[in-house]
Amino acid sequence: MESRKHLYLVDGSAYIFRAYHRLPPLTNPEGVPVGAVYGYTAMLWKLAEDLHKADGPTHLAVILDKGSITFRNALYDQYKANRPPPPEDLRPQFPLIRDATRAFSLPCIEEEGLEADDLIASYARAASARGWDVTIVSSDKDLMQLVGTSAVGGGHVDMLDTMKNQRIDIPEVVEKFGVPPEQVGDVLALMGDAVDNVPGIRGIGPKTATKLIQEHGGLEQALAAAPEMKKSKLRESLIEQADMARLSRQLVALKEDAALPLPLEDFELGPIPPEPLGAFLATHGFTSLQRKLASAATLHIPEALAGAVSAGAQHGGEQHSGGESGSAPAPASTRQPLPDWPAIDREAYACVQTMEDLQAWIARAEAARLVAIDTETSALDSMRADLVGVSLSTGAGEACYIPLGHHGLDMFAEVPLQIPREEALAALKPLLESDAVLKVGQNIKYDLTVLARHGIAVAPIDDTMVMSFCLDAGRGEVGLGGHGMDELASRHLSHTTILFKDVCGTGKKQVSFAQVPLADATRYAAEDAEVTWRLHQLFAQRLSDEGGTRIYQRVDRPLVPVVAGMERAGIRVEREQLATLSTRFAAEISRLEAVIHEKAGGPFLIGSPKQLGEVLFDKLGYKGGKKGKSGQYSTDQSVLETLAGQGAEVATLVLEWRQLSKLKSTYTDALQAAINPDTGRVHTSYSLVGAQTGRLSSNDPNLQNIPIRTEIGRQIREAFVAAPGHVLLSADYSQIELRLAAHMADVGPLREAFEQGEDIHARTAQELFGEVTRDTRSRAKTINFAILYGISRWGLAGRLGTSADEAQAMIDRYFERFPGIQRYIHDTLESVRARGYSETLFGRKTWFPRIASGTQAERQGSERAAINAPIQGTCADIIKRAMARMEPALAQAGLSRVKMLLQVHDELVFELPEEDVAAATPVIRAVMAEAAQPAITLSVPLGVEIGTGPSWGAAH
DNA sequence: GAGGTCACG
DNA sequence: GACGTACGTGACCTCT
């Protein structure tokens, strides 16, 4: 079932040499020569277009030479010694190759001490050993040694000369060298290479070399046979220069076992996102390609993978190291030594108050090609906050603050000197939007939104908070799951940052950042930018070292601007409808209150679990009161339901009261207050690091827990509506977690049921109980969920209302009917205990520091979470991939009016013109159903259910 | 700020 | 013998 993988390895440096000589000397609008770059760009375009065509790439990477000194120089100091320097108008084009690759959002690999050829050889061997086909985009004769089929994995390696549009396979190699690929090295060793200064044997050229190897079968055989040859110049040369031939053999041999800087999976070729490519094409005046991009019929559903992929490729070494073996994984703080940076000096920061200063900082950032940025605002809500200032950092000890909206402490205070906000933003805009400069932020989604409201589309970006999450999810203790800046600075930089409350105070005495004096604001804001810059250096390296690049680059980072866009779009909510519900609920609540107080024999706070418990169990004397460790009676739903079942009417009334109070305070009241006065819509904020498993979370307000399960709660969903002429579309993955469990645990009967489109809980009931009734199906459903959550006999017994023994018998039966499950649980726990973390299908890690806790409850809790995390996390990865691809896919289908508004874990909600529904439905369905591809081919189909209507309630 | 409760997947 | 029993969230209320 596994679809065939086909890796294309582009020999970037070699390509540009050839393109330079074959293409006209174009220059870009700034007069920089770009002819070869143009050729290179056009070639990448062509390759990307061929994604998934027969013989086209599924995976692709560009390999570049780095530096000039390699291990071959240690073998032979004259190696490549007499290479002429590249032509003057080719030199500036080398760095542009990297830019072009980055514009295409393709991985770019280079490694100190290795030539591109060695990396190509190592990747080609690794891929073909795994059964992947490989095409090397090059015509370098050295690489022809690699052509052929891997004896290990059966993958086939060929080459592609894109300039001649010619495939080079075994026949072509034989035609060129007269010998098969495995003997090409011997021929090369005899004939030598003038350009690379491989000596070979003087007087032997290609013809003779080929003849010798053909006759004798190999270099050593030819050298050994020399004494028996008839006396000739050739015989003497072979004998005299045998050592030179042997040295040459070593020089032309390719290193095939180099450490792979990035794992093969990272080369998964997605369709190319239109940015930053568009900006790159514009910068260099590649108008014909710009036109092609605009018409874009050729671009595939994009897998947005923006930006500096090569950032992670500087460091060699293992990718999937298997983690720290043994017991307790080391805390993150002790993992790497701090770079040799000076201590953070807040007094050295610049406060930028003139245009001249600002221009100097912009130039500095452009030269550095990477700038950390932080915006200061007047509030926490990015959709309402006013911009107060921007800080930048371009390196350790290099940071500034640009105040833009400070006004003294009160209306009489003097307004400090500042560059007018719009002028400063106009100057910053090209930098912030330049595809040549990576913008780094801590929770940059916030800054993206604030700046988007000023017409600035910040890109490309990196986010240190998201990077931290990809590295250390589950390791933190508090706050933003341990990914807040203050905590990161302390943990990774051993630095204590100035806290917001130190600058603005707290509670009643808290002031807006706009009121903070510039000197204090500069210290605080510039420090945040510098800390972000330093964290980025550390995390970029760690992502590469610890195998986090794949999930960060391919899933989480592309999601940042997407989620920012969803937040900005918001969703329309009918205030009137909510107000009506609030009034109705209020009346019913006060009626219930009166009755409850009457039955209780006096007034008390129903909303106080403490008072309620005392009323029920002490005053009214109901049995079954259980006190928890706090010494308080439990009065939760299950307790009240039990009492109600025993005829306690007051319990029923309290349950009703609770439901209505909850709906009113949390939804019908709160949502009215959440409507943004400017947009008339509700804008949630999603946290990208909110859930340890990789799920998003939603807050202020939480739009991921809007009622649906009860009829009365459902009415709240009716108030979420589409704009006039539009409808809401809800697209749900059906049973995705069970499907993933069936795939990951390889559970035959479940897989089969999903393939046949059966009712999965009914099928489970059939397997477990031998018959499908309403009752057995419901119990089977409970058990299915119990499995996903990490089962215990007591928990299941509680849910099913059976004894623990009966529950255990059912678990045993489940394992017997679905044997893969037990193995999955066992293997998952083994691996988490050994490595300290679990992993999703897409490589997302979640750490479980308490998996070996001496406290049984703590340990068992970790075990259950560890069983669930790969499933829940893989589900999160899949919908995130779908989200990242959605907008470009819709745009390509001419559906740019379709807006993605909400994500609720396995559901996406869109707003679209009514007339677009028919066209959008199949696009949305396809993007979601195929979101695992091509990285992972699931053994179960992903079902997507789609509904539309005037409201969210109606769309379900 | 903690604990209890309950809305969602 | 007690522990505390399903995974992942966020918001609101009361009480200290």
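In the text below, chain A, chain B and the rest are named by the order of the sequence lines, each starting its count at 1.
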Of the candidate nucleotides [options], which contains the atom at the shortest distance from the side chain of [X]?
| X | options | answer |
| --- | --- | --- |
| A:Gln856 | B:dG9, C:dC3, B:dA7 | C:dC3 |
| A:Asn868 | B:dA7, C:dG8, C:dG10 | C:dG8 |
| A:Thr782 | C:dT14, C:dA6, C:dC7 | C:dA6 |
| A:Arg695 | C:dG8, C:dC7, C:dA11 | C:dG8 |
| A:Asn702 | C:dC7, B:dG4, C:dG10 | C:dG10 |
| A:Gln860 | C:dT14, C:dG4, C:dC7 | C:dG4 |
| A:Ala691 | C:dC7, C:dT9, C:dT5 | C:dT9 |

[Y] and [X] side chains, donor-acceptor separation under 3.5 Å:
| X | Y | value |
| --- | --- | --- |
| A:Asn784 | A:Tyr814 | yes |
| A:Glu907 | A:Ser730 | yes |
| A:Arg817 | A:Thr764 | no |

Next on the checklist: Applying salt bridge (Lys or Arg N to Asp or Glu O under 4.0 Å) to A:Arg833 and A:Glu863, what does each step give before you reach the verdict?
Outcome noted: CA-CA 9 Å; A:Arg833 285 187 198 111; A:Glu863 286 174 357; 3.3 Å; yes

Next on the checklist: Using a strict threshold of under 4.0 Å (side-chain N to carboxylate O), is an ion pair present between A:Lys445 and A:Glu567?
Outcome noted: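 Judged by the 4.0 Å cut-off on N to carboxylate O distance, A:Glu567 and A:Lys445 do form a salt bridge.
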
Next on the checklist: Any carboxylate oxygen within less than 4.0 angstrom of a Lys/Arg side-chain nitrogen, looking at A:Arg763 and A:Glu767?
Outcome noted: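 Answer for the salt bridge query: yes.
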
Checklist entry - Would you call A:Gln704 and A:Gln903 a side-chain contact if the rule is heavy atoms closer than 4.5 Å? => result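 Yes, close enough: below the 4.5 Å cut-off.
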
Checklist entry - Quick one: does A:Leu581's side chain get under 4.5 Å of A:Tyr667's, heavy atoms only? => result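 A:Leu581 does not reach A:Tyr667 side chain to side chain.
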
Checklist entry - Using the P atom in both, what is the distance from C:dC3 to B:dG4, to the nearest Å? => result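 It works out to 15 Å between them.
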
Item to check | C:dC15 base / A:Lys610 side chain donor-acceptor hit below 3.5 Å | outcome: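 By the distance-only test, no, there is no pair.
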
May I ask you to verify if any side-chain N or O of [X] is less than 4.0 angstrom from the OP1 or OP2 atom of [N]?
| X | N | value |
| --- | --- | --- |
| A:Arg709 | B:dA7 | no |
| A:Gln611 | C:dC15 | yes |
| A:Ser792 | C:dG4 | no |
| A:Arg864 | C:dC7 | yes |
| A:Thr635 | B:dT5 | yes |
| A:Ser697 | C:dG10 | yes |

Checklist entry - Across the strands shown, which category fits A:Gln637 at heavy-atom distances under 4.0 angstrom: base, sugar-phosphate, nothing? => result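 Sugar-phosphate contact only.
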
Next on the checklist: Considering every strand and a 4.0 Å limit on heavy-atom distances, what is the contact class for A:Asn705: base, sugar-phosphate, or nothing?
Outcome noted: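 A:Asn705: base contact, heavy atoms under 4.0 Å.
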
Item to check | Nucleotide-level pairing of DNA chain C, given in dot-bracket where Watson-Crick and G-U pairs need both distances under 3.5 Å and | marks other strands | outcome: ......|||||||||.

Next on the checklist: Could you measure the distance from the CG atom of A:Leu660 to the CZ atom of A:Arg658? Nearest 0.5 Å is fine.
Outcome noted: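 Output value for this atom pair is 12.5 Å.
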
Next on the checklist: At a heavy-atom distance below 4.0 Å, what parts of residues 585-593 of chain A sit against DNA chain C?
Outcome noted: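 Heavy-atom contacts with DNA chain C come from no residue of residues 585-593 of chain A; none.
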
Item to check | Pairwise 5' ranking along DNA chain C for A:His905 and A:Trp794, keeping only the more 5' one | outcome: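 Nearer the 5' end of the strand: A:Trp794.
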
Next on the checklist: Taking salt bridge (Lys or Arg N to Asp or Glu O under 4.0 Å) as the cut-off, I'd like each qualifying pair that reaches into residues 790-808 of chain A, sequence neighbours left out, listed once.
Outcome noted: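 Pairs touching residues 790-808 of chain A that pass the test: none.
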
